[in-house]
Number of protein chains: 2
Amino acid sequence: MDIAHRTTDQQTPAEQRRRELLEAADRVVLRDGPKASMNAIAAEAGITKPILYRHFGDKGGLYRALATRHTDALLDALRAALDAPADRRRRVESTLDTYLASIEAMPQVYRFLMHPAEEPHQNEQGFDVGRHSAPLLRRMGEELGQVIAERVDLGPAAEAQARIWGHGIVGMMHAAGDWWLGERPCSRAELVRSLADLLWGRLAEADDRADGPGF
Amino acid sequence: MDIAHRTTDQQTPAEQRRRELLEAADRVVLRDGPKASMNAIAAEAGITKPILYRHFGDKGGLYRALATRHTDALLDALRAALDAPADRRRRVESTLDTYLASIEAMPQVYRFLMHPAEEPHQNEQGFDVGRHSAPLLRRMGEELGQVIAERVDLGPAAEAQARIWGHGIVGMMHAAGDWWLGERPCSRAELVRSLADLLWGRLAEADDRADGPGF
DNA sequence: GCAGTATGTTACTTGCGGTAACACCAGTCT
DNA sequence: AGACTGGTGTTACCGCAAGTAACATACTGC
């Protein structure tokens with residue numbers, strides 16, 4: 001038995017193989033998009049389908065393994081930005097920038113993680129199943145942005161700012177609503193109040209806790 | 001020709017038929033979730049597949065038509081809340097509440113619009129977001145919520161507030177990032193600055209425009 | 001009668017996820 | 001040595017869903 005060796009060698013053969021398969025899958029998915037089939041992935045890895053299923057169970061398992069690698073990296077980067085020594089405002093900006101820089105640097109990975117079910121076949125007019133949410137959120141964001149631009153005096157660069165805020169506020173509403181609908185951690189009124197408070201700048205007003213480095 | 005009649009009757013037979021089909025599709029989709037097959041929808045409508053394809057082109061067309069009906073209703077409700085005569089804070093709360101009440105009242109519709117590719121039971125073609133990207137957003141939201149709870153002094157009901165803010169801020173970042181990545185309307189630095197400004201309460205500070213009713 | 005168009009059908013193709021069933025090839029136990 | 005075991009690999013198949021002919025039947029206007 002060379003298990004002792006393996007631990008020093010850092011990898012059992014199965015894990016090694018699994019990593020190779022994941023890397024092949026990664027290549028295919030980032031090249032062909034989410035429509036990549038198990039057959040294509042297997043071919044890229046130089047093997048055939050059943051082996052993939054032995055390693056990952058089903059397609060969801062493969063996806064999960066694939067997603068985990070990328071999300072862990074992103075989360076680590078975000079935690080680092082969030083923990084850096086600086087004042088709160090700077091930390092917030094740094095975290096935002098880290099996230100945006102990540103998705104900017106690897107847009108294929110981002111689209112794979114966030115919009116997996118796109119473009120099933122190349123027709124004109126790229127709408128398809130799974131894209132419904134995006135149009136709705138986009139429309140809400142754009143409309144809110146226009147309302148803000150029309151009614152709020154934001155000084156210079158007002159339009160750009162208003163659109164950003166529109167999409168940001170809509171996203172805030174959507175994500176909080178989605179989470180709340182699933183977990184029901186509080187009443188609707190409380191949720192509304194908290195979100196409105198957030199928009200009203202209580203994040204800036206709140207004091208740091210006495211025992212921490214502040215946020 | 002009875003086109004004159006049709007215009008007074010408001011509907012040509014084709015449109016009438018289309019509406020019936022859409023209603024049948026709606027029933028099936030809201031009952032079976034997004035995994036509803038074209039066959040099932042056709043059966044519910046009392047006909048067979050090719051007719052659906054003649055009316056809607058492909059499955060995406062059907063879903064799009066279906067989604068449009070619901071999103072239009074939601075957008076109308078939101079616009080009404082946004083336009084109601086009241087001060088800005090009240091209007092914001094009212095809009096948030098309208099949205100949340102809507103998704104609370106019709107969760108099946110909401111899940112269809114926002115999480116089209118869910119329902120774990122067997123056989124999901126293409127990769128699935130709901131299972132994996134949602135986890136990413138949820139994890140980010142929860143972690144941020146914890147960080148806020150640990151470091152910011154929010155007074156009573158701090159934990160609940162912190163979690164809400166965590167998810168809300170993450171959602172804001174995600175939606176704004178997604179939109180920005182697609183349209184590139186400004187530099188990354190501008191986006192970061194605008195979002196941080198939003199979190200810093202500039203929405204509350206800004207004055208109303210002179211020519212409007214205010215937001 | 002005859003062309004045109006809308007409505008409907010059955011029967012098919014294509015492609016996917018997923019699964020048997022079998023084959024090969026280490027090492028291991030007796 | 002020879003049977004046992006576990007991992008790697010294969011071919012060939014199932015079931016199911018999207019999408020598409022090709023054909024059949026009405027109803028219209030000329």
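Both backbone and side-chain heavy atoms feed into the values below; hydrogens, waters and symmetry mates do not. Every chain is numbered from 1, with letters handed out A, B, ... down the list of sequences.
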Distance, rounded to the nearest Å, where [X] contributes [atom1] and [N] contributes [atom2]:
{"X": "A:Tyr53", "N": "D:dT10", "atom1": "OH", "atom2": "P", "value": "15 Å"}
{"X": "A:Ile47", "N": "D:dT11", "atom1": "CD1", "atom2": "C1'", "value": "15 Å"}
{"X": "A:Lys35", "N": "C:dG15", "atom1": "NZ", "atom2": "P", "value": "12 Å"}
{"X": "A:Asp58", "N": "C:dC16", "atom1": "CG", "atom2": "P", "value": "17 Å"}
{"X": "B:Glu20", "N": "C:dG8", "atom1": "CD", "atom2": "P", "value": "9 Å"}
{"X": "B:Asn39", "N": "D:dC16", "atom1": "CG", "atom2": "C1'", "value": "10 Å"}
{"X": "A:Ile51", "N": "C:dG18", "atom1": "CD1", "atom2": "P", "value": "16 Å"}
{"X": "B:Arg54", "N": "D:dA18", "atom1": "CZ", "atom2": "C1'", "value": "17 Å"}

Base of D:dG9 paired with side chain of A:Arg17 (donor-acceptor, under 3.5 Å)
no
Do A:Lys59 and C:dG18 share a donor-acceptor pair, side chain to base, under 3.5 Å?
no
Donor-acceptor pair, side chain of A:Arg202 and main chain of A:Asp197, under 3.5 angstrom:
no
Using a heavy-atom cut-off of 4.0 Å across all strands, would you classify A:Thr48 as base, sugar-phosphate, or nothing?
base
Parallel, tilted or perpendicular: rings of B:Trp179 and A:His167 (30°, 60°):
parallel
For B:Gly46 and B:Lys49, find the nucleotide of DNA chain C closest to each by heavy atoms; which residue's nucleotide sits nearer the 5' end?
B:Gly46
Check for me whether B:Arg163 meets the cation-pi criterion with B:Trp165, that is, NZ or CZ under 6.0 Å from the six-membered ring centre and within 45 degrees of the ring axis.
no
When you measure from the side chain of B:Pro50, which nucleotide among D:dG19, C:dT7, D:dA21 comes out closest?
D:dA21
From B:Trp180 atom CH2 to B:Arg188 atom CZ, the distance as rounded to the nearest 0.5 Å
6.0 Å
